[in-house]
Amino acid sequence: MNLITTVTFIALALSTILATVSFWLPLMNPDQEKLSPYECGFDPLGSARLPFSMRFFLVAILFILFDLEIALLLPLPWGDQLPAPTLTFLWATTLLILLTLGLIYEWLQGGLEWAE
């Protein structure tokens, strides 16, 4: 048997075993909580005109804003492969400083406090 056939056989056998075990192993006892859709803590069958927590909305927006820094800094490890990586690292440092200053400002203004 050559190497490609052996690796293919092992991969197929392992995936078949794992799929079989994952099908038979978990407990299938769904209750009312697991069957109901999750709607951010709101009753999905109630009125859609309930007051919405503005604090929850602002914290969610802040999370998205600061989570974008990961997407913006993702190509940074490849920046050192450029002929002049100094400009790339300068922009990355500027972005991190700006986001850090924004986080400090939000913290001092009380925007990160969940309850008052």
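Separating the CG atom in Leu68 from the CZ atom in Phe63 is a distance of 10.0 Å, to the nearest 0.5 Å. Rounding to the nearest 0.5 Å places CG of Leu72 at 5.5 Å from CG of Leu95.
Using a 4.5 Å cut-off between side-chain heavy atoms of Ile, Leu, Val, Met, Phe, Trp and Tyr, with links allowed through other members, Trp91 and Leu65 fall into different hydrophobic clusters. No continuous path of ILVMFWY side-chain contacts below 4.5 Å connects Phe89 to Leu98, so the two sit in separate hydrophobic clusters.
Residues passing the side-chain contact (heavy atoms from CB on, under 4.5 Å) test with Leu108 are Ile104, sequence neighbours excluded. Annotation: side-chain contact (heavy atoms from CB on, under 4.5 Å) contacts of Ile97 (sequence neighbours excluded): Thr93, Leu101.
Smallest separation of non-hydrogen atoms from Leu73 and Ala92: CD2-CB, 3.8 Å. For Pro85 against Gly79, the heavy-atom pair with the smallest separation is CB-O, 3.1 Å. For the pair Leu12 and Thr16, the tightest heavy-atom approach, listed with the atom from each and the gap, is O-OG1, 2.7 Å.
Between Leu103 and Leu99 there is no side-chain heavy-atom pair separated by less than 4.5 Å.
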